[in-house]
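First the structure, in the form of structure tokens, and then the observations on it.
Naming: A, B, ... by sequence-line order, numbering from 1 per chain. Just so we're clear, the structure is a prediction, and the values are computed from it rather than from any experiment.
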Amino acid sequence: MNSNEIFDKLKSEFGDDIISLTEEKNYDPYITVKRKNIKQICLFLRDIDGLNFDYLVNLTGMDWGKELGVVYHLYSISLKHRIVLKVFLSKENPVIPSVERCWKSANWHEREAWDMFGIQFENHPNHIRILCPYDWEGHPLRKDYVEQETYHGMRVPV
Amino acid sequence: MGQRKTIEIDYGAVDTDRMRLNMGPQHPSTHGVLRLEVELEGEIVTEVVPHIGYLHRCFEKTCEFMTYPQVIPYVDRLDYISSMNNEWPFVMGVEKLLGIQIPEKIEYIRVILAELNRIANHQIAVATFGMDSGAFTPFLYLFRDREMILDLFEKCSGGRLLYNYFWVGGLQHDIPPTFKEDCLAIIKKVRETNAEVNNLLIKNKIFIERITNIGILPADVAINFGCSGPVLRGSGVPYDLRKDEPYSIYDRFDFNVIVGEGAMGTLGDCWDRNIVRVNEMEESCKIIEQAIAQMPDEAVDVRALVPKRVKTPKGEIYCKTENPKGELGFYIVSDGSTQPYRMRTRATSFINLSVLPEISKGYMISDLIMILGSIDIVLGEVDR
Amino acid sequence: MGLLDRLDNPYEIDGFFLGTVEDLLNWGRSKSDWYLSFGLACCAIEFMAINASHFDLMRFGSIPRATPRQADFIIISGTVTLKMADRIKKLYEQMSEPKYVMSMGSCSNSGGPYWEHGYHVLKGVDRIIPVDVYVPGCPPRPEAFFEGMIKLQNLINNQAIFRKRSSMSAEELAQLEERNQKQKEYMERAAIEYENYQETLKTGGMQNPDYNGKYTINLPKIRMIDHE
Amino acid sequence: MGNFVYDLLGNNLLAYIVVAIVPLLWVLPYALIAILGELKIASWVQDRLGPMRTGWKGVLQPLAEVIKLLQKEDITPANANKPLFNLAPFIMFTGAYATYAAIPFSSKFIAADLNIGLYYIFSISAFAIIGIVMGGWASNNKYSVLGALRAVSQMISYEIPIAVTLLAIAAYSGSLDMQEIIRQQGGGFWNWNLFGGNAPYWKIIFIPFFVGLFVIYFVGSLAETNRVPFDIPEGESEIIAGYHTEYSGMKFAMFFFAEYASMFTVSAIITILFLGGWQSPFGDFLNHPLLQVFWFIAKAMSFIFIQIWLRWTLPRLRVDQLMHISWKVMLPISLVCFFAVAILAMLK
């Protein structure tokens with residue numbers, strides 16, 4: 001199933017929540033969606049025959065400068081097709097429902113997105129930092145990140 | 001010793017204390033600096049909480065400050081056991097953004113080197129897995145024979161462990177004149193060693209008893225957890241990017257995708273994951289043999305297409321290859337400058353490790369070590 | 001042991017007999033270096049290769065020990081992150097005297113490739129523990145590591161228990177002096193940290209951020225494995 | 001009494017002291033040789049050289065290690081139970097060394113010629129368990145406790161098949177006196193208990209049962225001394241170093257030393273029970289009391305070689321598999337063998 005068909009199927013099911021499909025040179029085809037129903041969209045993508053996106057390849061937070069975002073790379077092992085979902089979030093209130101219930105692999109990915117970008121995932125079972133120490137300050141992969149001066153008495157910048 | 005079976009016992013009213021045991025970050029068999037917080041009921045593991053990040057080296061942040069060619073050495077240091085394989089998806093992604101079509105001979109060289117590195121990686125994986133079970137000698141045998149592969153890589157790139165060999169648009173240096181003979185000698189040696197290790201370790205009754213029927217990972221759970229590589233194939237899912245979405249020139253080779261069959265116990269146990277790695281070495285040997293036979297003879301300037309200044313057009317690309325540990329992908333976001341705007345790594349070990357708490361409950365602490373070993377993680381890639 | 005409280009800070013006695021005893025003790029320590037089997041990053045893989053049959057580190061009499069109590073020296077093989085730094089300090093403190101530290105690879109020497117942008121990388125392990133031998137390289141070649149090993153053995157051989165070595169060159173003496181200085185600094189720092197720790201204990205104890213109780217354990221049934 | 005010291009010095013205090021010291025003269029060099037053997041045999045098995053830079057081909061390596069261990073700091077953890085922590089290595093070493101009192105090195109030398117020698121050795125070697133449990137528990141370290149508990153369950157369960165084996169041989173020989181057991185095996189290797197003892201030629205039917213007992217004792221002795229594949233009490237990849245995780249310096253050396261000493265003890269017992277002890281394999285030929293020392297040590301050392309060889313070849317078992325082997329495999333087989341040997345003892 002190609003990305004147009006996937007988009008049409010999603011559009012007919014979720015209507016306004018699905019914003020656009022982008023197919024450009026140098027871009028993997030991606031669908032921009034609204035954050036509110038992301039969990040339902042993911043469940044739909046996973047469970048409906050013909051879509052069967054059973055494999056969450058990658059989930060990552062993004063800092064687009066003005067706003068934050070989450071990117072989902074999905075793949076179907078049985079049907080061998082791919083799609084990318086993109087969600088944009090405001091910097092003031094980066095909250096998005098967790099998709100941990102759809103794909104278990106999202107658990108650690110979402111913890112990492114929280115750790116690195118400060119994106120909050122609603123209903124995540126274990127919403128703590130993963131890579132940085134639990135008492136680390138700030139979210140390092142944000143473009144405006146400033147390193148803390150010391151950590152446990154050790155100097156952090158050079 | 002008979003078939004093992006799992007029985008459920010409800011402790012119910014029995015008042016027993018559980019012990020919290022902290023394994024790592026310094027522990028001989030956590031394969032680096034992984035820390036596992038384990039809850040024990042006697043010897044039986046009731047809960048595993050992995051704590052990672054002890055080797056978080058800020059790879060993704062550092063890349064945003066580096067130009068594309070400068071990123072390659074950092075990519076090496078992700079999964080430092082299979083550096084050649086790591087470089088490939090990144091280089092391929094940048095080439096795709098730039099629209100470079102590289103010569104056929106370079107593709108062959110890349111395939112051969114990547115497959116050799118796959119063998120080296122699996123040798124380490126099997127070796128450390130054996131060492132976790134207490135067998136120290138096979139570990140040393142495999143490391144000894146891995147040196148031959150490292151010697152060839154050293155002849156090519158000058159590095160023993162981290163190579164910086166695949167460049168955008170070509171290679172760092174041309175291959176040495178004795179390349180083909182070296183490869184054939186390595187294949188011969190790998191087969192000899194495999195036979196030796198099979199006798200010493202893989203077919204050892206104690207070893208088989210230790211690793212069958214533990215850490216059972218059903219296929220649907222493996223897919224749901226996003227596992228890939230031998231962990232997923234051990235559960236019987238024939239998912240291999242080299243076959244499913246052939247990149248480079250993999251569609252020209254005849255090889256099998258090894259999947260676990262539950263030959264010794266239940267499908268998806270530690271035995272299956274291990275035997276997939278052992279058999280994949282043989283498949284890699286086959287690919288290398290075919291590649292050497294097909295490789296064009298004429299000399300190619302390997303740096304002819306290497307751009308002086310890598311400046312990618314605006315775009316986003318997810319480029320993936322089949323690494324020894326599974327699917328490694330780089331999500332490269334380019335804003336049209338010489339530096340990536342964002343480099344996201346789909347780190348295989350990171351995702352494979354997340355399945356550990358799911359499959360290690362209810363087994364003994366010795367089994368936990370073996371289950372961890374069978375997943376074959378590298379902390380450099382887990383923590384990045 | 002009483003004798004070795006005064007390593008490099010010798011007793012003011014001299015003589016042929018004591019000199020011979022000193023030589024013997026130093027010989028024993030330098031030829032039997034047990035290391036803590038402890039790997040951090042890429043260098044650890046290279047270190048495993050050094051241990052294996054091809055290079056065979058055991059030629060130097062080095063045996064791996066899994067517990068810091070029985071180890072003589074620790075090899076910091078790889079990048080030290082800030083999260084790991086506390087543990088390395090603890091490991092170093094758990095080792096029994098006399099103990100030595102070998103820093104293997106650029107990362108633990110100075111932060112290496114992560115020097116500038118690695119917000120989570122400790123720039124040099126010598127910021128937290130005193131280092132005896134630095135082995136450069138990323139990762140160091142096995143030959144470079146062996147050079148470091150020989151350096152370490154020479155250093156141990158030059159340590160004085162009963163007297164300062166009259167035969168030592170000015171350079172070696174300076175090295176020893178530097179080592180003593182590092183140890184002293186470390187001990188002073190450790191003493192301050194210990195006092196701080198005692199203070200925090202008085203005020204309700206130190207909060208361990210790793211155990212913040214955010215994960216829940218809910219497992220009523222246990223699977224027992226049995227042979228049948 | 002077969003003891004040349006008493007013949008020489010008479011039955012006085014000096015003689016007792018000399019007799020007590022003579023085994024020590026063997027134990028100390030033996031431990032060094034065994035450690036060197038461990039290092040070198042491991043290296044040969046693993047296709048490398050092993051220690052090379054300490055003396056000629058590294059032969060002084062164990063000596064350097066002893067000198068090093070003497071100088072190491074002796075740490076007692078702050079929260080450890082100090083009396084027990086300090087006592088444990090001594091108890092373990094005492095247990096291992098006390099067995100040497102009843103080991104007959106030759107027909108003319110045994111430190112204490114007890115008529116219940118077998119029983120004595122069997123009881124005294126159980127001392128090691130107490131040392132291990134004390135050390136493991138007193139360390140206040142979770143890994144040590146795990147190691148100690150594993151050691152207890154392992155050693156106690158393996159003592160039962162071993163005891164049955166000892167009983168079988170004692171029943172067959174009609175004596176618990178080790179000199180007596182050895183004397184009955186005289187007259188060539190054909191009369192060793194491994195080959196059915198000194199019964200007439202129809203004993204050949206019973207040889208499998210003796211071989212069975214021999215194998216059971218050997219496997220059990222591996223478990224008794226915590227050697228691979230039964231080294232789970234100190235399984236390095238699982239529980240760091242088991243019960244001696246917190247020990248450093250000389251106290252660790254004593255654990256180390258006791259382990260090697262008890263390796264020799266079990267090898268000596270297997271030699272006595274099955275391979276004719278100090279008896280020459282050729283009957284009275286080459287059976288001088290001094291040569292008997294050679295035969296005895298050669299036989300015992302060959303078992304130590306096998307133990308080391310196995311250690312560097314086999315993986316480690318898991319706890320439940322270990323118990324399974326002991327209770328469900330070795331115990332029934334040993335009982336069957338015991339029964340068969342008892343029948344032979346009656347027919348003889």
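Remark: D:Lys82 NZ is packed, more than 12 non-hydrogen atoms of other residues, nucleotides or ligands lying under 6.0 Å away. Around atom CH2 of C:Trp27, more than 12 heavy atoms belonging to other residues, nucleotides or ligands sit under 6.0 Å away. A 6.0 Å sphere centred on NZ of C:Lys151 holds no more than 12 heavy atoms belonging to other residues, nucleotides or ligands. Within 6.0 Å of the CZ atom in D:Phe127, the count of heavy atoms belonging to other residues, nucleotides or ligands does not exceed 12.
Listed here is the closest heavy atom pair of C:Met58 and D:Ser43: SD-OG, 4.5 Å. Shortest non-hydrogen contact noted between D:Thr245 and C:Arg69 is O-CG, 3.4 Å.
Distance check: D:Phe252 CZ to C:Ser96 OG gives 10.5 Å after rounding to the nearest 0.5 Å. Distance check, rounded to the nearest 0.5 Å: CD of C:Gln70 to CG of D:Leu69 gives 8.5 Å. For the atom pair C:Leu25 CG and D:Ile67 CD1, the distance stands at 7.0 Å (nearest 0.5 Å). In this structure, the separation between OG on D:Ser248 and CD on C:Gln94 is 11.5 Å, given to the nearest 0.5 Å. Atom CD1 in D:Ile240 sits 11.5 Å away from atom CZ in C:Arg65 (nearest 0.5 Å).
Between D:Leu39 and C:Ile63 the shortest side-chain heavy-atom distance falls below 4.5 Å. For the pair C:Met95 and D:Ile75, the minimum side-chain heavy-atom distance is 4.5 Å or more.
The stretch residues 140-161 of chain D places none of its residues near chain C, where near means some heavy atom under 4.5 Å from a heavy atom of that chain. Scanning residues 44-62 of chain D against chain C with a 4.5 Å heavy-atom cutoff picks out D:Gln46, D:Asp47, D:Arg48, D:Leu49, D:Gly50, D:Pro51, D:Met52, D:Arg53, D:Thr54, D:Leu60, D:Gln61, ordered by number.
Checked against side chain to side chain contact (heavy atoms under 4.5 Å, CB included), D:Ala163 has the following partners two or more places apart in sequence or in another chain: D:Phe122. Qualifying salt bridge (charged side-chain N to carboxylate O under 4.0 Å, His left out) partners for C:Asp132, counting only residues two or more places apart in sequence or in other chains: C:Arg179.
Residue contact with chain D, scored on non-hydrogen atoms closer than 4.5 Å, involves the side chain of C:Ile150 exclusively.
Cation-pi geometry between D:Lys68 and C:Trp34 is met: under 6.0 angstrom from the ring centre, within 45 degrees of the axis.
Side-chain atoms of C:Lys31 never come within 3.5 Å of backbone atoms of D:Leu63 as a donor-acceptor pair (strictly under, hydrogens ignored).
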